[in-house]
Amino acid sequence: MQPAVKQRALADVPTLIIDDEADQASVETASINPLIRSIIGKLPKTTYIGYTATPFANVLIDPKGDDLYPKDFILNLPRPEGYFGTERVFGRDAVEGDEANGAELDGSNMVRIIPDDDVDAVRPVGKAAAADFIPTIPKSLDNAIEWFVLATAARRARGDDGHSTMLVHTSVKTDVHLAFKEPLRLHVDRLRKRVEAQDGKTLERLRDLWNTESHEVPASQFGLTPVDFAQVMDHLPAVLDRVGVVIDNFRSEDRLDYSTPGQVAIAVGGNTLSRGLTLEGLTVSYFVRAAKAYDTLLQMARWFGFRPGYEDLPRIWMTDELRHWFRHLATVEHEIRLDIERYESENLTPTEFGVRIRTHPTLRITAKMGAALPTYASYGGRRVQTRYFRPKDGEWLRHNVEAADGFVARVRSAGIEPDAALENGAVIFRDVSADDVLRFLADYRVHPDSPDLDHELIEKYVNRQRRSGHLEFWNLAIMAAPTDTHGTVRLGSMDFGRIVRSKLRDEGVERADIKTLMSKDHRAVDFMAPSVARKKGEIELAKARDLDPDARNKGLILLYPIDPHSEPDAANKASRRALDAVDDVIGLALVFPGHPDESSQVRQTYVAVDLTDADVEVEQAEFDELAGVSDDD
């Protein structure tokens, strides 16, 4: 058949192309990407649909060419019931438009921290060291192995005879993988012999580990039947007999094989285990291999998925840095989902908006940055708040108490006295001058991990707004407790009841992460009754401020006197600990009204594609408002 005849025949054939895992090879590679585009070019009636869990490279393709930029639609697929994803494991930060508060943002208590000293035992330093590297089994890896066999035995006690896998991923180097086989095999063999011999110290250690971990993540949390240590021990010898160590990389002869039922395997590998391959029954992950791109990190995280019947048993050992990175990625994903849902509700296409992706000071978004350009997000319509504190730095804490005391004293010296305390204990001072607010912000010390609260950036933004008649005056809210159950803090010669804000566990002693300082209803505390505000959503409250004739031109600054002890309540003891600060703690939050004419963009926080010359006519002012882009900076 002649080419022209073939082309005419194809013109009447509607074709659907589905590209699964469409994020890496499909985007700007020298082989697969041109082939996909060539197929599409030869089929006049074609629909191309790409599926991916990491869409970063896809939304940063140049939209002005004939590439695979998603010009017609981007859909946010709902998370399946029972799925363990980034957010459920690691928690996330609160973002604008978010309805979640407190414990909903904490994630599951399944991550265990690998100390820095242990990392040196399982990963060589430098490329040259890989060939001669001999790994040892540090305490953290020992705990991970012991928990793996205990958890597998617990699954057997519940009647679950499915595959059970442990992932050890410390390096991309195949020499390192191969070096692990014998130390791991010997370690498991020694444990098997000690259990067979009923060694007292070994059994006591295993019992303590089981009881501790079972308490940290209760089976009842997932509606599962608890398993006691005696039941675990009934199955532990048989599990230890079945444990195999498998090195799975392109050089290894043995590979993971799930064709035989009930496999129990410790899998060591790199790239072959980090993309595409499903690790059946993955229960424990020991992970120290760092990557510097969002999509690469998420693809290496094989622990996401379904864990039916053993949702309480998975554990992840990783470095503290990696844990924070994955938490950031959970926030990025949640924010992208919220943006896409908003654009869907407004019937906008991806050629009318560019999906914004929050940046990170250390990580790249993707190795394939495509047509990404910096996008600037202003403070307009936003709320920012302190979440990190230095609980053991008495001078730092005392300085902030004194700064808040001086701020309230200056407000009262200006003749401003508070309204009567609200039902939730909040006290409102109205029409505080912007100069007093900025003076306090310059004095108040924020943790270095709080770039949103950089006082120079806020001052720049506020002063630009003041030039157009906005933010000249502020309302000050002291978010005190309605009682003095947790003691009081004296600010401006007034006593305010302390509130409780416990910290996330495993944050160490140098930094306390309280996660969420303010509730969403606090953003309207100066113009709406708390009982009314609590019933409204985040976006509704933001719009309400802009519609209120008094609040729409004012900022709101909130101070939170926090009980230095701050013991978590019973419902949160598994994921939180007492703040245990050495002095009073003062939290800070700011709420900004939003203005449609706003053009003061001050923070490079996101990237997005440039849609200026895309094949669609969009009013530039409309695009600027949607994407938050400014010509001024």
Side-chain angles (χ1 to χ4, degrees), residues 15-29 32-33 36-37 40 46-80 83 85-87 92 95-98 293-296 298-299 304 328-359 364-375 377 539 605-619 622-629:
T15 306
L16 172 64
I17 299 174
I18 299 177
D19 185 1
D20 194 18
E21 299 289 353
D23 60 312
Q24 283 277 9
S26 301
V27 180
E28 291 189 350
T29 51
I32 295 177
N33 177 270
I36 294 174
R37 293 161 63 184
I40 294 173
T46 309
T47 297
Y48 170 86
I49 297 178
Y51 285 89
T52 178
T54 54
F56 310 113
N58 305 79
V59 300
L60 298 179
I61 296 171
D62 189 346
K64 297 184 286 293
D66 61 350
D67 211 328
L68 301 179
Y69 180 76
K71 295 181 179 179
D72 297 302
F73 64 86
I74 300 175
L75 295 180
N76 171 29
L77 299 179
R79 298 179 185 87
Y83 180 78
T86 324
E87 181 179 326
R92 59 174 173 79
V95 300
E96 289 302 302
D98 195 351
Y294 289 9
D295 44 10
T296 305
L298 287 173
Q299 289 290 348
F304 301 134
H328 172 79
L329 291 176
T331 306
V332 170
E333 178 185 340
H334 185 77
E335 196 166 42
I336 289 174
R337 286 178 179 270
L338 287 178
D339 277 355
I340 291 174
E341 288 173 0
R342 172 193 164 193
Y343 298 133
E344 285 180 34
S345 69
E346 296 178 7
N347 294 317
L348 297 173
T349 70
T351 51
E352 295 173 291
F353 74 89
V355 174
R356 303 173 309 155
I357 304 175
R358 182 185 292 226
T359 61
R364 292 176 298 161
I365 291 175
T366 175
K368 302 172 175 62
M369 288 297 286
L373 290 177
T375 299
I539 295 175
T605 313
Y606 300 88
V607 295
V609 293
D610 180 8
L611 295 169
T612 306
D613 299 318
D615 295 332
V616 64
E617 293 184 5
V618 183
E619 287 292 327
E622 178 188 1
F623 172 73
D624 286 351
E625 182 179 346
L626 290 170
V629 177

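Residue numbers count from 1 along this sequence.
- Heavy atoms only, all atoms of each residue included: Asn33 and Leu68 are closest at ND2-CD1, 3.9 Å.
- Without hydrogens or angle criteria, Asn58 side chain to Ala22 main chain gives a donor-acceptor distance under 3.5 Å.
- Between Thr86 and Val332 the shortest side-chain heavy-atom distance does not fall below 4.5 Å.
- Across Tyr51 and Ile49, no two heavy atoms sit closer than the pair CE1-CG2, 3.6 Å.
- Of the possible donor and acceptor atoms, none in the side chain of Tyr48 sits under 3.5 Å from a partner among the backbone N and O of Asp19.
- The neighbour count for Tyr83 OH, taken as heavy atoms of other residues, nucleotides or ligands under 6.0 Å away, is above 12.
- For the side-chain contact (heavy atoms from CB on, under 4.5 Å) test, residues two or more places apart in sequence or in another chain that qualify with Asn76 are Arg337, Ile340, Glu341, Glu344.
- Distance check: Leu348 CG to Asp339 CG gives 11.5 Å after rounding to the nearest 0.5 Å.
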**Prompt:** Given the rule in the side-chain contact (heavy atoms from CB on, under 4.5 Å) test, do Thr349 and Lys71 qualify, once you have shown the distances and angles that lead to the verdict?
**Reply:** CA-CA 7 Å; Thr349 70; Lys71 295 181 179 179; over 6 Å; no

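- Annotation: side chain of Ile61 is in contact with side chain of Val27 (closest heavy-atom distance under 4.5 Å).
- Residues Thr351 and Pro63 form no side-chain contact, since every pair of their non-hydrogen atoms from C-beta on lies 4.5 Å or further apart.
- Atom OG1 of residue Thr52 and atom CG of residue Leu77 lie 11.0 Å apart, to the nearest 0.5 angstrom.
- What you find for Thr46 and Ile40 is that their closest heavy atoms are OG1-O, 3.8 Å.
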